[in-house]
Structure formats: structure tokens, C-alpha cells
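Structure record follows, encoded as C-alpha cells.
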2 protein chains.
Amino acid sequence: MTRLTRDSIVTTAIEVIGKHGSEQLSVRRLGEAIDADPTAIYRHFRSKDELLRAIGDRCLIGVTDDLPTTSWRECIRELCIRIRAANLAQPALATLVRGAPPRHDNERRITETILARLGEAGFDSAAAAFAYHALIELTIGSAAIDSSLASEDSAARARIYAEWRSDYAALDAGMFPRSVGGAASLYPGTADDRFAYALDRLLDGLAGTLS
Amino acid sequence: MTRLTRDSIVTTAIEVIGKHGSEQLSVRRLGEAIDADPTAIYRHFRSKDELLRAIGDRCLIGVTDDLPTTSWRECIRELCIRIRAANLAQPALATLVRGAPPRHDNERRITETILARLGEAGFDSAAAAFAYHALIELTIGSAAIDSSLASEDSAARARIYAEWRSDYAALDAGMFPRSVGGAASLYPGTADDRFAYALDRLLDGLAGTLS
DNA sequence: ACCCTTTGTCAACGGTGTTGACATCTGTGT
DNA sequence: ACACAGATGTCAACACCGTTGACAAAGGGT
């Protein structure tokens with residue numbers, strides 16, 4: 001590493017996250033991986049928060065590329081699924097979660113794409129704004145909830161879900177009849193399936209306001 | 001404070017959060033508020049995480065009380081709004097976000113209530129499970145996104161939203177035409193309004209699967 | 001060759017959650 | 001009433017964390 005740049009730091013930061021998990025990313029650990037003094041990072045980023053945002057944006061690279069052009073619903077659906085996947089990969093950073101408006105290019109492109117497709121679909125700019133916020137809230141929420149298990153493989157996840165189902169089944173049937181009775185149905189499919197279902201129902205509701 | 005208990009610790013912890021903000025709650029600060037050695041907390045909670053979960057559950061007290069009985073939609077709508085409000089008040093802890101199944105009474109009552117109303121509405125247990133997860137994901141996501149501004153008062157929030165709108169308006173109109181054109185419409189109403197809109201559209205979509 | 005800005009290094013500050021050893025207080029059985 | 005045992009509070013310390021300021025080496029422009 002002859003010379004440090006914002007890009008090179010972000011790159012090795014993502015490597016570190018991939019190896020040790022995102023909550024293990026500390027300035028000191030990153031300094032070690034980067035083979036430089038930890039505080040050298042502060043020559044390129046004002047704070048760790050700024051670094052995290054840059055990492056987050058890097059994860060969103062290409063997220064708006066080659067989206068389906070068949071319909072606005074298909075396009076937005078695919079985009080939201082990709083956003084969630086990117087946020088799942090790097091849970092702790094959760095770029096969009098900070099609530100602040102996009103300050104990086106990839107984030108900006110997301111907003112633009114969603115607003116554009118909604119506009120073409122017939123939403124006026126007020127309705128498009130509400131719809132945009134609704135979609136982002138659901139997408140981020142799903143990522144936040146599922147991120148705790150994102151690092152496990154699918155077999156482990158299935159085992160954990162089974163465990164949780166039996167937790168519900170073991171509740172007092174007098175007090176929690178529906179939880180006990182429906183325990184076998186909880187956590188259906190994969191987390192991806194559940195998100196896709198929620199997203200489709202939200203898109204149903206949004207489409208319903210058009211007619 | 002003659003004697004420390006789990007309940008008394010949680011109570012003063014919530015006071016501290018109310019006064020200094022939730023991210024300012026440290027074991028040492030809590031120890032000061034509790035007028036005891038900080039480490040005394042570890043006699044009652046295995047870890048700070050366990051304490052946070054207890055605080056989270058305390059915030060959900062009464063969340064399932066006196067819900068509307070007019071319709072399943074009204075009932076679930078109100079419950080989700082309350083859950084979000086509780087999570088907004090204590091952002092950092094984000095009880096339900098951990099993705100784990102409810103381990104405390106108030107959390108369990110939420111699941112039971114939602115499943116019960118959905119069941120009565122005509123959802124079979126598989127559909128009810130999908131709908132339950134969809135509602136929780138949206139509710140948590142909205143809370144996560146809005147929590148960063150929850151500590152500001154409404155005037156400050158309005159000012160910040162105006163700032164963000166002008167950020168969008170200042171983008172390159174050639175590259176981001178919809179963001180620039182629709183900037184004035186972004187962040188419409190209050191965060192509560194935006195969540196209510198999203199929730200209503202999701203409920204629309206869910207109701208649509210019934211017929 | 002000069003200066004000046006940028007970049008990396010080092011020591012340190014104030015903060016965090018947590019642990020282990022020690023003392024004290026409290027309740028129970030005899 | 002006494003002694004024992006467990007629960008509870010105190011204290012010092014550990015291993016981290018993000019961040020700052022002073023200092024040295026490097027690099028480019030005039």
C-alpha cells in the first residue's frame with residue numbers, strides 16, 4: 001500500500017468487514033489491515049461516520065444498473081430487493097438508515113430512479129414522494145430486522161427459525177392462543193420471501209391509488 | 001434508593017434517556033443516576049444488552065391496551081403506530097430490531113394481537129404470518145429511519161427537512177431531473193404522516209388478498 | 001533550493017463495557 | 001440470638017473505542 005486514498009481505505013475496510021463482521025470494524029483494526037497508523041485514516045475521512053457512509057455507498061454500486069424496463073412495478077421491485085441485499089451485506093453501517101438525504105452518487109441515483117418510475121406511472125410529485133418514503137422505510141426495516149442473521153448460512157438460519165417457532169409454540173395457549181396455534185406458520189419461507197411478499201403488498205396498495 | 005432492583009434500574013435508566021438522549025446512556029452515567037457504583041448494575045443484568053432489552057420492553061407497556069374494536073384494520077393500524085412511537089422514543093435500543101422472537105411479555109402480546117385480528121379478518125395462518133412480518137418490517141423500518149431526528153423538536157425537524165429538500169433541489173438537473181423537480185414535495189408532512197401513509201397502503205395491499 | 005501543503009506517526013485524552021477480588025449487608029436455620 | 005451463606009454494593013483495573021494535537025517525512029510549485 002504505497003499510498004493511502006479514500007478509495008483504497010474503503011476497499012480494505014470492506015475486506016475487513018467481510019472477514020471479521022461489520023461490527024468488528026474499528027479504526028485500529030482497519031489501521032492494521034491497511035498497514036499504516038490507525039490515525040492516518042483521519043487524513044482522508046473527517047470521522048468514522050464519514051468512512052462508514054463511504055463504505056455504504058460503495059456497497060450500492062451498480063444497484064441501479066440494468067433494471068427491468070417491463071413495468072414500473074417490476075423495476076422498483078427489483079431495485080428495492082437489491083437495496084435490501086446491499087444493506088444486508090453490511091448491516092451495521094445501514095447507509096440509508098441515518099435518515100439523512102443521499103449524499104453520495106449511488107444513493108442519489110436510487111432516489112432519482114424511484115421518483116422517475118413513479119412519475120412515469122402517473123403519480124404526481126406529492127404522491128410519488130409519499131410512495132418513495134414508504135418503499136424506503138419498508139426496505140430498510142426489512143434489512144435491519146434480517147441483518148442479525150445475515151452472517152449465518154441458510155442451514156443455520158433455517159435451524160434458528162425452527163427454534164423461534166418452537167419458542168412460540170411453547171407459550172401459554174390460554175394467553176397466546178394464536179401464537180401457539182400459528183407457531184408452525186411463523187417465519188415462513190426465507191427472509192427474502194417475506195420481504196418480497198411485503199413489498200408486493202405495498203406495491204399493490206400504491207398501485208391502487210392510481211386508478 | 002435504598003435497594004436496587006431490576007425494575008428500579010430500568011425506571012431510572014428511562015429517566016436518564018429522557019433527559020440526555022438514549023445514546024448517552026452509559027453504565028457509568030446510569031450508575032451516577034442510580035446513586036450507586038456503576039458495576040452494581042451487573043448484579044441485576046448480565047450485560048448492558050440485557051438491560052436494554054428490559055428497557056425496550058418497559059417502553060412497550062400498555063401498547064396493546066384499549067385498541068379500537070371497530071375493525072381489524074383500525075386495530076392493527078393503531079397498534080403499529082404505537083409500536084413505532086415507542087421505538088422512536090428509545091431509538092438506540094430498538095427492541096424488535098434484533099430480529100429475535102419476542103422474549104418479553106409486552107412483545108408477546110403484540111404478536112398475539114396482530115395474529116388474532118388477522119385471523120378474525122379471514123387470513124389463514126400462513127397468510128397471517130406473512131402479513132405479520134410485513135407489518136413489523138415496515139413499522140421497525142420507519143422507526144429506524146426517523147429515530148435520528150426523534151430527539152429534535154418539531155420546529156427543528158421542519159428546518160432540517162427544508163434543508164434536505166434544498167439539497168435535492170441543488171442537484172444537477174440534467175442527471176437528476178426528478179429529484180430536482182420533485183424536491184419541494186420530498187419529506188412531505190411529518191414523519192408520522194409518512195408512516196401512516198405507508199402503513200395504510202400496506203394494509204390496502206393486505207386487505208386486497210382477502211377477496 | 002526554497003517553502004508550503006499534504007500525508008503518515010506517535011502519544012495521549014476521555015470515554016466505553018466488563019471482570020475479579022473484597023467487603024458488607026440480609027435473610028434463614030438452628 | 002447466633003452463625004453461616006448467599007446476594008448485593010464497592011473498588012481498581014483491563015482492554016477496548018473514536019478522536020486530537022504536536023511533530024516529522026515527503027512531494028510539488030515557483
Side-chain angles (χ1 to χ4, degrees), chain A residues 1-58 90-95 97-98 100 103 148 151, chain B residues 1-58 90-95 97-98 100 147-148 151:
Chain A
M1 200 70 51
T2 54
R3 192 98 170 136
L4 254 35
T5 64
R6 284 176 70 101
D7 276 348
S8 74
I9 292 174
V10 168
T11 302
T12 60
I14 289 179
E15 287 173 17
V16 171
I17 289 177
K19 211 173 299 174
H20 299 89
S22 71
E23 65 284 331
Q24 294 291 342
L25 180 75
S26 72
V27 175
R28 284 172 175 80
R29 193 184 296 264
L30 180 53
E32 196 175 337
I34 221 172
D35 199 39
D37 190 276
T39 63
I41 293 160
Y42 286 88
R43 297 289 169 200
H44 300 88
F45 297 93
R46 247 183 292 278
S47 66
K48 188 187 177 185
D49 212 70
E50 191 182 300
L51 167 62
L52 287 177
R53 284 196 76 106
I55 296 172
D57 195 63
R58 173 74 68 86
Q90 317 298 340
L93 47 97
T95 322
V97 168
R98 320 227 172 232
R103 303 208 183 281
S148 60
S151 53
Chain B
M1 201 70 51
T2 54
R3 193 98 169 134
L4 255 35
T5 64
R6 284 176 70 101
D7 277 347
S8 74
I9 292 174
V10 168
T11 301
T12 60
I14 288 178
E15 287 173 18
V16 171
I17 290 177
K19 211 173 299 176
H20 299 89
S22 73
E23 64 284 332
Q24 294 291 342
L25 179 75
S26 72
V27 175
R28 283 172 176 79
R29 192 185 296 264
L30 180 52
E32 196 175 336
I34 221 171
D35 200 39
D37 190 276
T39 63
I41 293 160
Y42 287 88
R43 298 288 166 200
H44 303 270
F45 297 93
R46 247 184 293 278
S47 67
K48 189 187 177 184
D49 210 69
E50 191 182 300
L51 167 63
L52 287 177
R53 283 196 76 106
I55 295 173
D57 195 62
R58 172 75 68 86
Q90 317 299 341
L93 47 98
T95 322
V97 169
R98 321 227 174 234
S147 65
S148 60
S151 53

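- Between A:L30 and A:L51, the closest side-chain pair of non-hydrogen atoms falls below 4.5 Å.
- Residue B:E32 places its CD atom among 12 or fewer non-hydrogen atoms of other residues, nucleotides or ligands, all under 6.0 Å distant.
- Here the C1' atom of nucleotide C:dG17 and the CD1 atom of B:I9 are 15 Å apart, to the nearest Å.
- Comparing atom distances between the B:R28 side chain and each of C:dC13, C:dC10, C:dT18 picks out C:dT18 as nearest.
- B:L25 comes within contact range of the sugar-phosphate backbone alone, with a heavy-atom separation under 4.0 Å but no base atom that close.
- Atom pair B:K48:NZ and C:dG15:C1' shows a separation of 12 Å (rounding to whole Å applied).
- Between C:dT7, D:dT10, C:dT9, one nucleotide has an atom nearer to the side chain of A:D37 than all others, and that is C:dT9.
- The side chain of A:A36 sits closest to C:dT9 out of C:dT9, D:dG9, C:dT7.
- Atom CD1 of A:I34 is separated from atom P of C:dT9 by 10 Å (rounded to the nearest Å).
- Between A:E50 and A:R6, the closest side-chain pair of non-hydrogen atoms falls below 4.5 Å.
- D:dC17 atom P lies 14 Å from atom CG of A:L52, rounded to whole Å.
- Taking atom CG of residue A:L30 and atom P of nucleotide C:dG8, one finds them 13 Å apart after rounding to whole Å.
- Remark: P of C:dG8 and CZ of A:R6 are 13 Å apart, rounded to the nearest angstrom.
- Put simply, CG on B:L4 is 15 Å from C1' on C:dT24, counting in whole angstrom units.
- Contact annotation: the side chain of B:V10 approaches that of B:F45 to within less than 4.5 Å [non-hydrogen atoms, C-beta and beyond].
- Distances from the side chain of B:R43 to the nucleotides C:dT26, C:dG8, C:dC22 place C:dC22 closest.
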Do B:R58 and B:D7 pass the side-chain contact (heavy atoms from CB on, under 4.5 Å) test, and can you show the C-alpha distance, the side-chain angles, and the key distance before you say yes or no?
CA-CA 9 Å; B:R58 172 75 68 86; B:D7 277 347; 3.6 Å; yes
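- Proximity of A:H44 to the phosphate of C:dG8: a side-chain N or O atom is located under 4.0 Å from OP1 or OP2.
- The base of D:dC11 is paired with the side chain of B:T39 by a donor and an acceptor separated by under 3.5 Å.
- Comparing A:P38 and B:S26, the nucleotide of DNA chain C nearest to each residue sits closer to the 5' end for A:P38.
- Counting to the nearest Å, the P atom of C:dT19 and the CD1 atom of B:I41 are 14 Å from each other.
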